[in-house]
Number of protein chains: 2
Amino acid sequence: MTDPDTPKNNHLLNALPEAEYERLFPHLERVDMPLGEVIYESGGELRYVYFPVTSIVSLLYVMENGASAEIAVVGKDGIIGVALFMGGGSMPNRAVVQSAGHAYRLRGQLLMHEFNRYEGMLHLLLRYTQALITQMAQTAVCNRHHSVDQQLCRWLLLSLDRLPSNELTMTQELIANMLGVRREGVTEAAGKLQHAGLIHYSRGRITVLDRPGLEERVCECYHVVKAESDRLLPPPVELIAL
Amino acid sequence: MTDPDTPKNNHLLNALPEAEYERLFPHLERVDMPLGEVIYESGGELRYVYFPVTSIVSLLYVMENGASAEIAVVGKDGIIGVALFMGGGSMPNRAVVQSAGHAYRLRGQLLMHEFNRYEGMLHLLLRYTQALITQMAQTAVCNRHHSVDQQLCRWLLLSLDRLPSNELTMTQELIANMLGVRREGVTEAAGKLQHAGLIHYSRGRITVLDRPGLEERVCECYHVVKAESDRLLPPPVELIAL
DNA sequence: TCCGGTCTGTACGTTACCGCACATAAGCCG
DNA sequence: CGGCTTATGTGCGGTAACGTACAGACCGGA
């Protein structure tokens, strides 16, 4: 698995029993995920589900006054479109590409066929959804109790876990939209991290220099989400071995 | 359905196809839900699932320093123990009785048998879980963007929707724990509502006098959660007709 | 090379909430 | 009635984040 852009780089597709994967493979369509693209609109229909491989997608709630808040972030660990198999068909959230890259998509009907007929897909998707629930719950906790500094650390680490490199393309303005805070607040928090030598950034490009340092500063919320994800969906064994 | 304490008063049990309900009925065990009782501990095993009928249960995250925040609230509309059928077996949250009453419980194994064999139970529970996800997501948004005043309104209305009367037994101290704010903050917010003639409270007993008034003051978060719940799980028709 | 847009840094007054301390009030029970 | 416990009200300084305004820095295109 040296190619970072094969469907198997998505943890869910990779964890699927071989027979089920083979059935789906011909129907997986590789798609471009440009920064800022809206994959689903709030309340919109879900014709496809998306399995990111090198991209990251944010689930956002956009308020009536236009302000926003990130509910959860999905990358190669997951799937966009859980409302499809959960039965609701839509969600009151928007899904936006937060980090450009690629994903593989599948027609909703095909996924549903697999979901209804085969145990492997059903249990895998439900376990992932539970991990997603944990992430949302912890976002709520973090929004209530932790400082912007801590939330920025959490956000950086969650994004980092879903990317192949230690660099992400993201302006402070966009981070502020995700966290639901002022842009200046992000500037200040990011400044502290840069002075501490943990990150380097310039004009929308952030490089993480000292990941352990970030983990020291982050609040418990990150660790709770990480531990629960690992418990529910062990990372691919190939990646562990390497 | 004059008796408020039959299993059918729980919306999920009520929505189940008759044959599936009949199968489960002999195994439903009526249990007391006293105020403050911990139904599940964070990370604990789920031997039973609970269907509240006259009680309300809060899903709480308790932080390392002891502070807490409510993630979601479950009453006659739902079930406690989604981690069981989602596949994780546990969750990093505590479930605490927020309003005393009764519930019907079922052995986890029995529920799983039904869940794996019959479509009705599966789809019903997944749709409910999606509604729960919406509630959690909106809690995150509300914690970020709305004032204590608005959050109190949201909390009161969400609780009210899950109770038969317009009165709830709950000290300001406990509400503060749920919202993750100071007790004094609740005192102040509740004082405003009382002066406005919307509620009356004294020593742990809150009476809602003007529900439409509350709905005027509440933030959009409540309406989003309500609309999505109604969409995913239409309230029992008997109740609509009455 | 200069211009214009975008990204980042900084400053200032304002506000909401916090932490703490303590005052009042309401019910419980001897 | 009196004394205890618990619930609620209030005040005050501190702080984190907000809204606003504007200055510098960087980059790409004309």
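What you see below is based on every heavy atom in this structure, not just the backbone, and it leaves out hydrogens, waters and symmetry mates. Lettering of chains follows the sequences in order, A, B, ..., and the numbering in each one begins at 1.
More than 12 non-hydrogen atoms from other residues, nucleotides or ligands lie less than 6.0 angstrom from CZ of A:Arg211. For B:Glu188, the CD atom sits in a loose shell: 12 or fewer heavy atoms of surrounding residues, nucleotides or ligands are nearer than 6.0 Å.
Nucleotide C:dG19 holds its C1' atom 12 Å from the CZ atom of B:Arg183, rounded to whole Å. To the nearest angstrom, P of D:dT20 lies 18 Å from CD of A:Glu188. If you take CZ of B:Arg203 and P of C:dT24, they are 16 Å apart, rounded to a whole angstrom. A straight line from NZ of A:Lys192 to P of D:dA17 spans 8 Å, rounded to a whole angstrom. In this structure, A:Arg205 places its CZ atom 16 Å from C1' of C:dT8, rounding to the nearest Å. Rounded to whole angstrom, the span from the CZ atom of A:Arg144 across to the P atom of C:dC17 amounts to 8 Å. If you take CD1 of B:Ile206 and P of D:dT8, they are 8 Å apart, rounded to a whole angstrom. Here the P atom of nucleotide D:dA16 and the CD atom of A:Glu184 are 17 Å apart, to the nearest Å.
Between C:dC17, D:dG9, C:dC7, one nucleotide has an atom nearer to the side chain of A:Thr171 than all others, and that is C:dC7. If you check D:dA17, D:dG9, C:dC20 against the side chain of B:Thr187, the one that comes closest is D:dG9. Which of C:dT8, C:dC18, D:dA17 sits closest to the side chain of B:Val181 comes down to C:dC18. Listed nucleotides D:dA21, D:dG9, C:dG9 differ in distance to B:Gln194; the shortest reach to its side chain belongs to D:dG9. Checking D:dA17, C:dT10, C:dC20 against the side-chain heavy atoms of B:Arg182 singles out C:dC20 as nearest.
In this structure, the side chains of A:Ile80 and A:Val49 stay at 4.5 Å or more apart for every pair of heavy atoms.
At the phosphate of D:dC26, neither OP1 nor OP2 sits under 4.0 Å from any side-chain N or O atom of A:Tyr201.
Between the A:Tyr104 side chain and the A:Asp5 main chain, a donor and an acceptor come within less than 3.5 Å of each other.
Just one of A:Glu70, A:Glu41, A:Glu37 meets the salt bridge (Lys or Arg N to Asp or Glu O under 4.0 Å) condition when paired with A:Arg94; it is A:Glu41.
Residue contacts shown for A:Gly185 are absent, as no nucleic acid heavy atom lies under 4.0 Å away.
Taking for each of B:Gln151 and B:Ser202 the nucleotide of DNA chain C with the nearest heavy atom, the 5'-most of the two is the partner of B:Gln151.
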